[in-house]
> 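Handing you a structure now.
All chains are named by letter (A, B, ...) in the order of the sequence lines, taking the proteins before the strands, and each is independently numbered beginning at 1.
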Amino acid sequence: MADLDPGSLDGLVDVDRGTVSREIFVNEEIYRREQEQIFARAWLFVGHESQVPRPGDFAVSSMGEESVILCRDRAGRLHVFLNSCRHRGMKVCRYDEGNTVEFLCPYHGWSYGTDGALVGVPFGKDAYGEQLDKRRWGLIEVAQLENYKGGIWATWDASAPSFFDYLGGYKLYLDLLLDGWDGREGGTEVIGGVHKWLIPCNWKFPAENFSGDRYHGVSHRSVDMVGIGPSGQGRRDMGERNQARWLDVSFPELGHSMIAFLRPHDAPLAPAYEDAPIVADYFRRCEEERHRRRGAQWRLFGGPGTMFPNTSPLARQPRTLAVWHPRGPHQTEVWRWYLVDADAPAEVKDFLRHYYIRYSGPSGLTEQDDMENWNYAHKASRGIIARQYPYNYEMGLGRATRGFEDHGLRLPGAITDVTGATASEHNQRGFYRRWRQFMASASWKELVAP
Amino acid sequence: MSAPDLAALLVRHEVQDFLYREAELLDERRYEEWLELFTDDARYFMPMRRNVPHDEPEREFTREGLDVNWFDEGKDTLARRVQQIRTGIHWAEEPPSRICHMVSNVQILHASPTEIGVKSRFLVYRNRVETETDVLVGKREDLLRRANGSFRIARRKIVLDQSVLLAKNLTFFF
C-alpha cells in the first residue's frame, strides 16, 4: 500500500468487531508511518536513574529507532539527547555507559558538555569567524522529560501532554511495579546490567502479548512442567492468583493496560516464595506493611502490562520492565531492566535475580518460547495471501465495564473480569484502538481524550 | 623432551579429548550424559558485555553473583533446561535445532593433581527450522576436577563476543 489515509486504517484495525489486519505488522510503509506518528510523539521509557547516579554519568539508550544519551550533567540535572553530532551526524557516544566531562565527536571534533551545550569547535575562530553561533548548535534534546519514581521517560513532542496526563489512571497500575512491596512510594532500583537482544518480529507482537495475553498457556506448558517458580513449581506462585479476581484492565483512550489481580477482602495471604524462607518472610512482612499503608488497595496486585506504545512493566514474578525498540518492520531490539526493592536484604535480591534470569530474556526458560512464537507468527504473516486475512481479537468483546467496584474498592479503567473466562482480548483491543488514533491523528490536539 | 614437558603435553591432550567428547555429547543431543560431566556444585556463568572506554575494563562485564547476566546458575537450573528440552513442547527447541560446537585454542592455565584450569575458544553454530542461523563465538574458562580417571567441570565461564545479543534466544549450551 502506498498511501495511508485515516479511512484505510478503519479497514485495518476494527476493534469493535475484533479484527486487526496483518498489514500493520509487516507493511514497510505502515512501519515508516509509525516512526513519525507514534515514536516521535509518544512518551517513551529511556532508562532508570540508578544507571546515572553521579554528575557526568551517562547511559546510552534508544527512543524508537534512534540512539539517545541519558546523562546527568555536572550540576546533577537529567537530560536525554539525540546521540548525533550537529555538524555531520556522527554518534558522539559509542559507549554503553560511563562518566564523562564532555561528548567529543570523533569525526571533526565538535564537543558538547554534559548539559548538551556545544563547547568545543576545532579551529572555531579561524574557520568560522563570527559566523557560528554555538548556542544554536547544542545536542538535540527531548522536548519533555520526567523522572517518575526512578524511571526516566521522555518525548520529542513539545505539544504532548505532561507525563502524568499521558499516564492518566494507569498510574495506579504502573505503581504496582515501581513502588516498594511494602507500599512505600518508589523505593525500587534496577539490578546492574540491562538485557539487550534482537528478536525477529514486529515490535507490536511483544507489546500486545504483554498488554494482556492470558491466553497463551500452551506457549509455556514446558516450563510449567519443569518448574522454575519461586516455590519450586510452575513458573510463578499461583496461590495468590488462584484466590484472586482476574481483571483485564485497559485504558483504551490512552492505550495502556495491565493484567491485574484482586485478592478477596477476607482471605489470608497465600503462601509464596516457599523455596527461600528468607524471601517468603520478607514478602510476608512487606505485604502486612502494605496492607497497613494502603488499606483496601492492598488487595490489588499486578502482572504484565503495556504502557503505550512499547514499554511493558511486569509488576511481579518476575518484576521487570521491557522496552520493545522497533528495528524495522521485521525486527525488534528488546531491552529489559530488572527491579528489586532498594532496601531489600541482599539474600532477597540475590534469590530474585536468579529467578529473573531463569524466567526472562533469551536465556529465560519462559520467554524463550514466546520469542519462537512471535518469530514464526510474524514470518507466516508476511505473504501476499496471509496478509489478506486479519487476526482475530473477538475474545470477550463487549464485556468490559467502567466503574469497577469490589467491597468498596473502586478501580480506574475499563475492566473485564475474566475470573471465570480465564482470558479476554480486551486489553489488546485497547492497545490497537489507541494505535489507530495515533496513526490517524495529525496533532496531539486530536489525540488528547475529550 | 623432559619429563615435566611430557607430563604437560599429556595433560593438554587429556583435556582436549575431554572437551571434544563433551562437544560431541552436546551435538548428539545427549544432554543427560553432558550434565553428568558437571560437579554437583558446578557454576555456569555467562556475563553480558558493554562498550566501555578502553581504560575502564572493569565496567566491560556484568558481574557474577551480583548483576543480571546471560547465565549465572548451578547444575540444578542446567538440569531444568535439559528437562525442558525433553518435554517435547519446548517450542523454541521443537523441532530441535541443528547445533555444532567447534572447540579450539585449548590452553592449560594451571594444573595440580586435583584441578586444572583451561581456556579455550568456541564457535557454536545453530541452524533451526529453515533459514534461521546463528553463529556465536567466544572464549571459555573452565575449572576441571579430576574424578574417576576423567574430569568433571566445576566451573565454566563463557565470554561471548557480542554486546547486544544477536540471537533471539540461548536455548542451547556452551
Side-chain angles (χ1 to χ4, degrees), chain A residues 59-60 93-100 190-201 218-228 320 327 331-338 346 349-350 353-358 360-376 379, chain B residues 44-56 59-63 65-74 76-95 97 128-132 134 158 160 162-174:
Chain A
V60 165
C93 185
R94 288 162 301 138
Y95 303 121
D96 292 324
E97 59 172 56
N99 184 281
T100 191
V190 295
I191 305 174
V194 182
H195 270 171
K196 303 174 184 179
W197 77 105
L198 283 174
I199 59 175
C201 66
V218 66
S219 294
H220 299 308
R221 197 147 293 152
S222 67
V223 69
D224 283 340
M225 287 164 69
V226 165
I228 59 159
T320 78
R327 294 287 185 265
Q331 195 170 54
T332 299
E333 186 171 322
V334 188
W335 285 32
R336 186 178 272 109
W337 290 258
Y338 295 86
K349 288 184 187 178
D350 192 54
R353 185 179 62 89
H354 276 110
Y355 170 52
Y356 295 169
I357 301 175
R358 185 158 89 225
S360 299
S363 49
L365 277 76
T366 303
E367 202 155 38
Q368 291 174 346
D369 289 319
D370 285 317
M371 294 182 286
E372 181 79 0
N373 285 322
W374 303 336
N375 182 167
Y376 287 97
K379 193 169 180 178
Chain B
Y44 187 83
F45 169 56
M46 184 197 276
M48 291 190 289
R49 301 182 71 172
R50 306 182 179 101
N51 295 293
V52 295
H54 71 282
D55 55 354
E56 295 178 45
R59 299 180 82 128
E60 184 176 354
F61 297 93
T62 50
R63 298 164 300 172
L66 287 170
D67 294 331
V68 172
N69 297 294
W70 291 133
F71 294 99
D72 188 353
E73 63 199 41
D76 178 66
T77 299
L78 280 179
R80 280 164 214 261
R81 295 182 187 280
V82 170
Q83 286 170 31
Q84 190 182 24
I85 290 170
R86 296 301 190 210
T87 62
I89 53 170
H90 179 26
W91 311 118
E93 280 299 328
E94 189 64 34
S97 301
R128 130 160 226 87
V129 187
E130 291 156 350
T131 57
E132 203 186 338
D134 296 296
I158 305 143
L160 180 67
Q162 292 182 0
S163 61
V164 174
L165 181 70
L166 303 178
K168 76 178 180 200
N169 63 33
L170 295 169
T171 48
F172 44 92
F173 302 101
F174 291 87

> So how far is it from B:Lys168 NZ to A:Ile199 CD1, rounded to the nearest 0.5 Å?
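B:Lys168 atom NZ to A:Ile199 atom CD1 measures 9.5 Å (nearest 0.5 Å).
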> So for A:Asp370, is it side chain, backbone, both, or neither that comes closer than 4.5 Å to the heavy atoms of chain B?
neither
> Does any heavy atom of chain B fall under 4.5 Å from the side chain of A:His354, the backbone, both, or neither of them?
side chain
> Non-hydrogen atoms of chain A under 4.5 Å away: do they reach the side chain of B:Ala167, the backbone, both or neither?
backbone
> Which bit of A:Glu333 comes within less than 4.5 Å of chain B, counting heavy atoms only: side chain, backbone, both or neither?
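Just the side chain, heavy atoms under 4.5 Å.
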> Between B:Leu66 and chain A, which part of the residue has a heavy atom less than 4.5 Å away: side chain, backbone, both or neither?
backbone
> How many angstroms lie between atom CZ of A:Arg94 and atom CG of B:Asn51, to the nearest 0.5 angstrom?
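One finds 9.0 Å between CZ of A:Arg94 and CG of B:Asn51.
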> Would you say the side-chain atoms of B:Thr171 and A:Gln368 include a donor-acceptor pair closer than 3.5 Å?
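Note: B:Thr171 and A:Gln368 side chains miss the donor-acceptor criterion.
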> Kindly say whether B:Asp67 contributes a backbone atom to a donor-acceptor pair with the side chain of A:Arg353 at under 3.5 angstrom?
yes
> Check each atom of A:Val194 against the heavy atoms of chain B and say whether the ones under 4.5 Å are side chain, backbone, both or neither.
backbone
> Looking at B:Ile85, B:Asn169, B:Thr62, which makes the most heavy-atom pairs under 4.5 Å with chain A?
B:Asn169
> Can you tell me how far apart CG (A:Leu198) and CD (B:Gln162) are? Round to the nearest 0.5 Å.
9.0 Å
> Would you check, one step at a time, whether the test side-chain contact (heavy atoms from CB on, under 4.5 Å) holds for A:His195 with B:Leu165?
CA-CA 8 Å; A:His195 270 171; B:Leu165 181 70; over 6 Å; no
> For the backbone of B:Glu93 and the side chain of A:Glu372, can you confirm whether one donor and one acceptor N or O come within less than 3.5 Å of each other?
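Pair absent, no side-chain N/O of A:Glu372 close to backbone of B:Glu93.
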> Quick check for you: to the nearest 0.5 Å, what is the distance between A:Tyr95 atom OH and B:Glu56 atom CD?
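The CD atom of B:Glu56 is 8.5 Å from OH of A:Tyr95, to the nearest 0.5 Å.
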> Check the angle between the aromatic planes of A:Trp197 and B:Trp70 and answer parallel, tilted or perpendicular using the 30° and 60° thresholds.
perpendicular
> Closest approach of A:Asn373 and B:Trp91, non-hydrogen atoms and distance?
ND2-CD1, 4.4 Å
> Identify the heavy atoms of B:Thr87 and A:Val226 that sit nearest to each other, and give their distance.
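Looks like CG2-CG2, 4.3 Å.
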> Determine the option with the most heavy-atom pairs under 4.5 angstrom with chain B, choosing from A:Gly364, A:Cys201, A:Pro362.
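The candidate making the most pairs under 4.5 Å is A:Pro362.
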> If you round to the nearest 0.5 Å, how far is OG of A:Ser222 from CZ of B:Arg86?
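So the gap between those two atoms works out to 13.5 Å.
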> By a 4.5 Å heavy-atom criterion (distance strictly below it), what part of B:Asp76 contacts chain A: side chain, backbone, both, or neither?
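For B:Asp76, there is no contact with chain A at all, as no heavy atom is under 4.5 Å.
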> When you check the gap from the basic side-chain N to the acidic O, do B:Glu73 and A:Arg358 get nearer than 4.0 Å?
no
> Using a strict threshold of under 4.0 Å (side-chain N to carboxylate O), is an ion pair present between B:Arg59 and A:Asp96?
no
> Rounded at 0.5 Å granularity, tell me how far CD1 in A:Ile228 sits from CD in B:Gln83.
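It is 12.0 Å, given to the nearest 0.5 Å.
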> Which residues pass the salt bridge (Lys or Arg N to Asp or Glu O under 4.0 Å) test with A:Lys349, sequence neighbours left out?
A:Glu189
> Can you name the nearest heavy-atom pair linking A:Glu97 to B:Val52, along with the distance?
O-CG1, 4.4 Å
> With the side chain counted from C-beta on, respond yes when B:Val129 and A:Tyr376 share a heavy-atom pair under 4.5 Å apart, and no when they do not.
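Yes, at least one pair of side-chain atoms sits under 4.5 Å.
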> Start with the C-alpha gap between A:Val223 and B:His90, add the side-chain angles, then the distance that decides, and say whether side-chain contact (heavy atoms from CB on, under 4.5 Å) holds.
CA-CA 8 Å; A:Val223 69; B:His90 179 26; over 6 Å; no
> Could you tell me which portion of B:Arg128 (side chain, backbone, both or neither) has an atom closer than 4.5 angstrom to a non-hydrogen atom of chain A?
both
> Determine the minimum heavy-atom distance between B:Phe71 and A:Ser363, stating which atoms define it.
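Distance-wise, the nearest heavy atoms are CE2-CB, 3.7 Å.
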> Do you know which two heavy atoms are closest between A:Gly193 and B:Val68, and how far apart they sit?
O-CB, 3.9 Å
> Run the salt-bridge test on B:Glu132 and A:Lys379 with the 4.0 Å N-O cut-off and return the result as yes or no.
no
> With a 4.5 angstrom heavy-atom cut-off, which part of A:Arg221 approaches chain B: side chain, backbone, both or neither?
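Both backbone and side chain.
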